[in-house]
Trainee: 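Dumping the structure here so I can ask a few things about it.
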Amino acid sequence: MHPVRRQRLFIILFIVIFSSIAVLLLAFALRENINLFYPPQKIVAGEAPIGTQIRAGGCVVRGSIKRASNSLKVDFRITDGVVSLPVTYMGILPDLFAEGEATVVSGKLDSVGVFNATEVLAKHDENYMPPEVAEAMAASGETEHQQTCNKI
Amino acid sequence: MGWQWFHRLGSPRWFYEKTSRWMFWLALVTVVLLIVGTVWGLAFAPMDSKQGNSYRIIFIHVPTAFLALAGYYVMAIAGAVGIIWQIKLSYMVMRSAATIGAVLTFIALLTGAVWGKPTWGTWWVWDARITSMLVLFFLYLGVIALQGAYQNGVTANKASAILALVGTVNIPIIYKSVDWWFTLHQPATLKFMGESSIDISMAYPLLVMISGFYCLYAWLMLHWTRAEIVESEQKTVWVRDLLKG
């Protein structure tokens with residue numbers, strides 16, 4: 001390779017490597033802020049601020065959904081497999097919201113540790129299967145709430 | 001050292017004449033794959049157990065998002081080759097990749113939003129995956145804008161190539177964002193290593209669509225680059241002869 005071209009190649013590698021390091025350090029410094037939501041563990045441990053708008057995410061605990069008979073109020077618990085957090089919400093839930101499915105709720109945490117949600121989003125997992133397969137398949141998957149909720 | 005072949009590849013005329021024969025066949029393969037993939041995906045693949053039919057947007061969303069990422073490397077590498085070897089053709093490839101990549105990224109964002117509304121309950125959320133994808137869109141637009149900001153073509157090419165190279169850090173971030181941070185967007189369904197978490201009856205049409213989009217991308221790139229060649233070489237004798245027919 002011609003020396004001038006080799007020099008240009010090194011300059012390019014320098015630009016790419018050092019700009020990447022800069023951006024990755026930035027992302028590393030902001031890692032907590034880049035997370036869209038708090039896992040229930042952190043909220044229960046008191047690491048989340050009380051009374052400010054935050055998001056929490058986890059799997060809806062099976063058998064925990066309780067709907068009010070005279071309003072749109074609904075109570076449920078979300079979990080990351082370690083601890084669970086009580087959530088209360090008034091409004092219409094998305095179609096994919098169900099027990100044993102992942103959800104991301106946004107709202108405020110009150111002083112007694114109940115999460116008052118103003119918005120509830122359903123989080124879809126990465127599994128795609130036809131209904132027959134879903135029925136036939138026994139539950140299997142990882143416990144991390146970023147992935148499927150099957151084991152929780 | 002035998003770098004002659006490389007410099008010959010850099011000749012716009014050689015490139016134009018060489019690719020003329022490929023265009024028809026590439027277009028044919030693209031159309032066949034896209035028709036087969038679309039009909040298979042929309043009409044014959046079973047519906048999803050949770051999402052019903054709305055999951056079928058995956059057959060557009062995943063291929064366009066794939067190529068928006070892969071196309072960024074095409075653009076950045078073409079820019080690097082342009083800077084190192086000062087090859088005009090390489091910059092033409094870079095400019096074509098910027099336009100096509102911007103369109104693909106926009107389609108991926110749009111189809112994602114359309115799918116997000118019925119599935120998640122929202123059009124848009126500022127999570128790591130979606131935000132970094134929006135940054136990718138702005139990077140593509142930035143390269144296009146920077147290209148137009150200079151009167152001098154040589155400076156414009158160099159400046160936009162450097163922007164393209166700096167932006168490459170965003171690609172692994174987009175790809176790994178769903179694993180590194182908590183996001184609303186689900187982790188990858190198709191995996192390079194390990195078993196994919198999509199049923200085989202849905203995976204086949206998806207793979208057909210992905211290969212169809214790869215061919216479409218190749219065809220669009222060649223077509224755009226050839227148009228760039230004709231435009232920038234319009235004063236040469238061979239292009240004049242070509243235009244006369």
Side-chain angles (χ1 to χ4, degrees), chain A residues 1-2 4-9 11-13 15-24 27 31-39 55 57-58 92-98 101-104 106 119-135 137 141 144-148, chain B residues 1 3 45-52 54-55 58 76 79-80 83-86 115-122 125-132 161-162 165-170 172-173 177-191 196-203 206:
Chain A
M1 209 172 180
H2 194 279
V4 178
R5 291 185 189 126
R6 183 172 308 153
Q7 199 189 358
R8 290 198 206 111
L9 176 67
I11 292 172
I12 284 175
L13 288 178
I15 292 174
V16 170
I17 290 169
F18 281 86
S19 62
S20 301
I21 290 175
V23 172
L24 291 176
R31 63 195 180 283
E32 289 300 318
N33 298 316
I34 295 174
N35 284 330
L36 184 72
F37 53 82
Y38 285 96
R55 286 200 186 91
I92 296 166
L93 294 161
D95 290 348
L96 259 68
F97 180 91
E101 297 290 337
T103 183
V104 174
S106 94
E119 185 185 36
V120 173
L121 302 177
K123 179 174 167 170
H124 184 253
D125 61 23
E126 74 277 27
N127 297 313
Y128 290 81
M129 62 185 88
E132 314 85 70
V133 179
E135 281 162 26
M137 210 173 90
E144 289 176 73
H145 52 271
Q146 179 68 351
Q147 292 178 339
T148 137
Chain B
M1 276 265 282
W3 287 91
M47 63 180 202
D48 183 67
S49 61
K50 287 174 198 159
Q51 304 167 65
S54 71
Y55 93 95
I58 196 180
I83 290 180
I84 297 170
W85 281 276
Q86 315 266 307
W115 176 82
K117 186 64 187 166
T119 315
W120 296 334
T122 182
V125 68
W126 294 98
D127 83 348
R129 169 57 72 81
I130 302 169
T131 310
S132 56
I162 289 172
L165 284 162
V166 169
T168 49
V169 63
N170 194 28
I173 291 180
S177 56
V178 285
D179 302 323
W180 288 346
W181 298 294
F182 297 142
T183 54
L184 186 61
H185 194 288
Q186 66 269 31
T189 292
L190 291 174
K191 297 174 189 74
S196 290
S197 47
I198 180 166
D199 193 76
I200 206 87
S201 56
M202 301 163 173
L206 182 57

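Quick note on labels: first sequence line is chain A, next is B, and so on, each numbered from 1.
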Trainee: First locate atom CD1 of Ile83(B), then atom CD1 of Ile15(A), and finally report the distance between them rounded to the nearest 0.5 Å.
Mentor: 6.5 Å
Trainee: State, to 0.1 Å, how close Met47(B) and Pro131(A) come at their nearest heavy-atom pair, and which atoms those are.
Mentor: O-CD, 3.1 Å
Trainee: Among Asp199(B), Thr131(B), Ile84(B), Leu165(B), which has the most heavy-atom pairs under 4.5 Å with chain A?
Mentor: Ile84(B)
Trainee: For Ser201(B), which atoms come within 4.5 Å of any heavy atom of chain A: side chain, backbone, both, or neither?
Mentor: side chain
Trainee: Using 30° and 60° as the class boundaries, would you call the ring planes of Phe37(A) and Phe182(B) parallel, tilted or perpendicular?
Mentor: parallel
Trainee: Give the minimum heavy-atom separation between Asp125(A) and Lys50(B), together with the two atoms involved.
Mentor: OD2-NZ, 3.3 Å
Trainee: Output the distance between atom CG (Leu9(A)) and atom CH2 (Trp85(B)), rounded to the nearest 0.5 Å.
Mentor: 6.5 Å
Trainee: Tell me, for Leu190(B) versus chain A, whether the close heavy atoms (under 4.5 Å) come from the side chain, the backbone, both or neither.
Mentor: neither
Trainee: Quick check: closest heavy atoms across Gln51(B) and Leu96(A), and the distance to 0.1 Å?
Mentor: CG-CD2, 4.0 Å
Trainee: Give, for atom NZ of Lys123(A) and atom NE2 of His185(B), the distance between the pair rounded to the nearest 0.5 Å.
Mentor: 10.0 Å
Trainee: When rounded to the nearest 0.5 angstrom, what distance separates CZ in Arg31(A) from CH2 in Trp181(B)?
Mentor: 11.0 Å
Trainee: CG of Asp95(A): more than 12 outside heavy atoms within 6.0 angstrom?
Mentor: no
Trainee: Relative to chain B, which of Ile34(A), Val16(A), Leu93(A), Ile92(A) shows the most heavy atom pairs under 4.5 Å?
Mentor: Ile34(A)
Trainee: At a heavy-atom separation under 4.5 Å, does Ala45(B) approach chain A through its side chain, its backbone, both, or neither?
Mentor: neither
Trainee: Distance-only, no hydrogens or angles: does the Asp48(B) side chain make a donor-acceptor pair with backbone N or O of Met129(A) under 3.5 Å?
Mentor: yes
Trainee: Given a strict heavy-atom distance threshold of 4.5 Å, which part of Ile12(A) is in contact with chain B: side chain, backbone, both, or neither?
Mentor: side chain
Trainee: With a 4.5 angstrom heavy-atom cut-off, could you sort out which part of Ile58(B) is near chain A: side chain, backbone, both or neither?
Mentor: side chain
Trainee: Against chain B, work out which of Gln7(A), Arg6(A), Arg5(A), Glu32(A) has the most heavy-atom pairs shorter than 4.5 Å and name it.
Mentor: Arg5(A)
Trainee: Side chains of Arg55(A) and Val125(B): closer than 4.5 Å at any heavy-atom pair?
Mentor: yes
Trainee: Given that the side chain runs from C-beta out, which part of Thr119(B) has a heavy atom under 4.5 Å from chain A: side chain, backbone, both or neither?
Mentor: both
Trainee: Which heavy atom in Asn127(A) sits nearest to a heavy atom in Ser197(B), and how many Å separate them?
Mentor: OD1-CB, 3.0 Å
Trainee: Output the distance between atom OG (Ser19(A)) and atom CG (Asn170(B)), rounded to the nearest 0.5 Å.
Mentor: 11.0 Å
